[in-house]
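Chain A is the first sequence line, chain B the second, and so forth, proteins listed ahead of strands; every chain is numbered from 1. Predicted, not measured: the structure shown is a model, and the values here were computed from it.
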2 protein chains.
Amino acid sequence: MGNLKDTNPWIKKFSLVLELTDIEKDILLSLQDNCEKIPAKTDLVTEGEEFKYTYIIKEGWAYHYKLLANGRQQNLNFALCGDFIGLYATVFKKSEDSVKALTDMTVCKIAPERIIGLFSNAPRLAATICWVAARDGAILGEHITRIGRRTAYDRTGHLLLELLRRVEAVSLVQSNAFEFPVTQEILADMLGLTAVHMNRTIRALKDDGMITLDGKRIIIHKRAELRAAVGFDPSYLQHSTLPKGIKGIA
Amino acid sequence: MGNLKDTNPWIKKFSLVLELTDIEKDILLSLQDNCEKIPAKTDLVTEGEEFKYTYIIKEGWAYHYKLLANGRQQNLNFALCGDFIGLYATVFKKSEDSVKALTDMTVCKIAPERIIGLFSNAPRLAATICWVAARDGAILGEHITRIGRRTAYDRTGHLLLELLRRVEAVSLVQSNAFEFPVTQEILADMLGLTAVHMNRTIRALKDDGMITLDGKRIIIHKRAELRAAVGFDPSYLQHSTLPKGIKGIA
DNA sequence: CGGTGTGTTGAAAGGTGTCAATGCTAGTGG
DNA sequence: CCACTAGCATTGACACCTTTCAACACACCG
């Protein structure tokens, strides 16, 4: 049982932020009692509509996006194994963006009320939810600098390095290679570029020997060089632990 | 005394999200016992350094920014009256961005431990902090769509309309006019443009009769037209209330 | 076997950046 | 009261990154 607890991706993630008590681990596990499979291209959350559930990703990729009045699309962020989707169902009624499955996925569905309950019953876990919201904000902030003040080449390299880190954090990277089920068009909408220019930028990265990208798999060959070339500083992804001093109630 | 409570900007802001009990109002007021004046151009928070305080703005403007390795600057968001600065001191050790005062300011300094205490002692207020973090995230997400998928003209109009809304929310707008202590260069760094092109874009907005902008004051003349022209949908700023069901402890 | 989605390439147009210079205003000090 | 400076706004010419439009290649799949 202790083993199950410690391999669970969500518990792993929370454990980076604070040292969980056994009771807290049990609460987290109990929230994950309703898993289901979702086929690729499904919308888990729709912009402007009410949240139905909060999800935890156990397997697969998704991405957040917004549709603009002018018909364009802007993607905000990827959602990977261990990430929440629709966490703000806790405090918002309606979603500010949509979330679409990029691959077939396995997710845990959680009724928002159960997460709200943490604020009364497990303040340390509630604070960790705040922590997750803050980290999501940090990623969005870094994404703004990518789009606002970097060239297409640098944006792309920077995003790929972020993803490498994030996928590493859930142990899905082997020697700088990982599954990458993302079309060039989705990348383009993520980075504020056209699909055509995305293609040319990827070509440039390949020509420089920085990456290999074929089918649904990517390899970052010259990690340090790419990092220096695009000015990637991963500190915004670093996990700082939660301050002491929040008394547990559970 | 009830009057003091109800004119306090922070209490006003929280009241939009949930119906505060008298005890909760007292807690919020008690946090604001240490106000001080900050001169313009002061950095309240510095990227990469430890948080010292969480601030509530009582008067004045500030803005969040990041400095990039290539020497450029990207501004992420403005911070207005009633906003938090350094809220994540609660859950993060170090700041992900810097915050600089744009004008002389009056702020309340709060030791982070006191906010952490809310998670144990006032869960509804803790949830509201989560709500604020989520709303900040929504604003950042909208900012990404601005920069990623809009022209310079649309970006600028969209941002100005957001600010009009936010300044209205703290009752500092009179017939679509408000104090606007922002240089063109800061706007440019906010919107991912050069100062030169920012100037030309503002000129275009003026020529179209959309705005008047001279010195430190702005007037939005054709609010509805501008809104239609740039595709501004303010729903992401709307205040949805906190769900019921969080039991208060305080 | 013919769709459909995705990747690829070329040529031309255009939005935005770069560089450089000037004007303007407020503040400072002689 | 007048230089002098610093910060900000403004303008022009030109380069260049990115978009747009269009066409084609390729793989997968029912």
Side-chain angles (χ1 to χ4, degrees), chain A residues 39-41 61 63 68 70-75 100-104 146-159 179-207 211-218 229-230, chain B residues 39-41 61 63 68 70-75 100-104 146-159 179-207 211-218 229-230:
Chain A
K41 303 191 179 173
W61 284 50
Y63 66 101
L68 279 74
N70 59 19
R72 292 169 184 251
Q73 175 171 338
Q74 175 67 50
N75 300 339
K100 194 185 285 288
L102 214 42
T103 63
D104 293 341
R146 262 198 293 258
I147 297 181
R149 281 287 179 248
R150 292 179 200 271
T151 63
Y153 188 95
D154 290 358
R155 288 182 213 187
T156 308
H158 195 277
L159 175 60
E179 299 303 314
F180 190 67
V182 184
T183 66
Q184 294 185 357
E185 185 167 15
I186 288 172
L187 264 187
D189 283 336
M190 187 74 64
L191 292 170
L193 300 168
T194 57
V196 172
H197 200 61
M198 191 71 254
N199 181 280
R200 293 179 174 129
T201 304
I202 287 173
R203 159 59 37 92
L205 283 162
K206 286 178 178 172
D207 287 349
I211 64 171
T212 298
L213 175 52
D214 55 333
K216 304 206 169 306
R217 189 166 181 77
I218 189 171
V230 305
Chain B
K41 302 192 179 173
W61 284 51
Y63 66 101
L68 278 75
N70 59 19
R72 294 168 184 249
Q73 175 172 337
Q74 174 68 50
N75 300 338
K100 194 184 285 290
L102 214 42
T103 64
D104 293 341
R146 262 198 292 258
I147 297 181
R149 281 288 179 244
R150 292 179 200 272
T151 63
Y153 189 95
D154 290 358
R155 289 182 213 188
T156 308
H158 195 277
L159 176 60
E179 298 303 314
F180 189 67
V182 184
T183 67
Q184 295 185 359
E185 186 167 13
I186 288 172
L187 264 188
D189 283 336
M190 188 75 64
L191 293 170
L193 301 168
T194 57
V196 172
H197 200 63
M198 189 72 253
N199 182 281
R200 292 181 175 125
T201 305
I202 288 173
R203 160 55 39 91
L205 283 162
K206 286 177 178 173
D207 287 350
I211 65 170
T212 298
L213 177 51
D214 55 334
K216 304 205 170 307
R217 190 165 181 78
I218 189 171
V230 305

A:Arg149 vs A:Thr183, nearer the 5' end of DNA chain C by closest nucleotide: A:Thr183

OP1 or OP2 of D:dG7 under 4.0 Å from side-chain N/O of B:Gln184: no

Touch class at under 4.0 angstrom, heavy-atom based, for B:Ala195 against every strand present: nothing

Euclidean distance, atom NE2 of residue B:His197 to atom P of D:dA9 [Å, nearest integer]: 16 Å

Evaluation steps, side chain to side chain contact (heavy atoms under 4.5 Å, CB included), between A:Gln74 and A:Asp189: CA-CA 5 Å; A:Gln74 175 67 50; A:Asp189 283 336; over 6 Å; no

Atom-to-atom span, CG of A:Leu205 to P of C:dT8 - whole angstrom: 13 Å

Gap between atoms NZ and P, on B:Lys41 and C:dG27 respectively (whole Å): 12 Å

Residue-phosphate contact under 4.0 Å: A:Arg203 side-chain N/O, C:dT9 OP1/OP2: yes

Distance below 4.0 Å between B:Asn199 side-chain N/O and D:dT10 OP1 or OP2: yes

More than 12 heavy atoms of other groups within 6.0 Å of A:Glu179 CD: yes

Side-chain donor/acceptor of B:Asp104 to backbone N/O of B:Pro39, under 3.5 Å: no

Nearest-nucleotide 5' precedence on DNA chain C, A:Glu185 against A:Gly148: A:Glu185

N/O donor-acceptor pair, side chain A:Arg200 with base C:dG7, under 3.5 angstrom: no

Nucleotide C:dT6, atom P - distance to CZ of A:Phe180 in whole Å: 14 Å

Atom pair distance, as rounded to whole Å: CD1 in A:Ile202 and C1' in C:dG7: 9 Å

B:Arg217 side-chain N/O to B:Phe180 backbone N/O, donor-acceptor pair under 3.5 Å: no

Any donor-acceptor pair under 3.5 Å from A:Lys206 side chain to A:Leu213 backbone: yes

Length of the line joining B:Leu191:CG and C:dG17:C1', which is rounded to integer Å: 15 Å

d(CG, A:Asp189; P, D:dT19) in whole Å: 11 Å

D:dT20 OP1/OP2 closer than 4.0 Å to side-chain N/O of A:Arg72: yes

Spacing of B:Arg150 atom CZ relative to C:dT16 atom P, expressed in whole Å: 14 Å

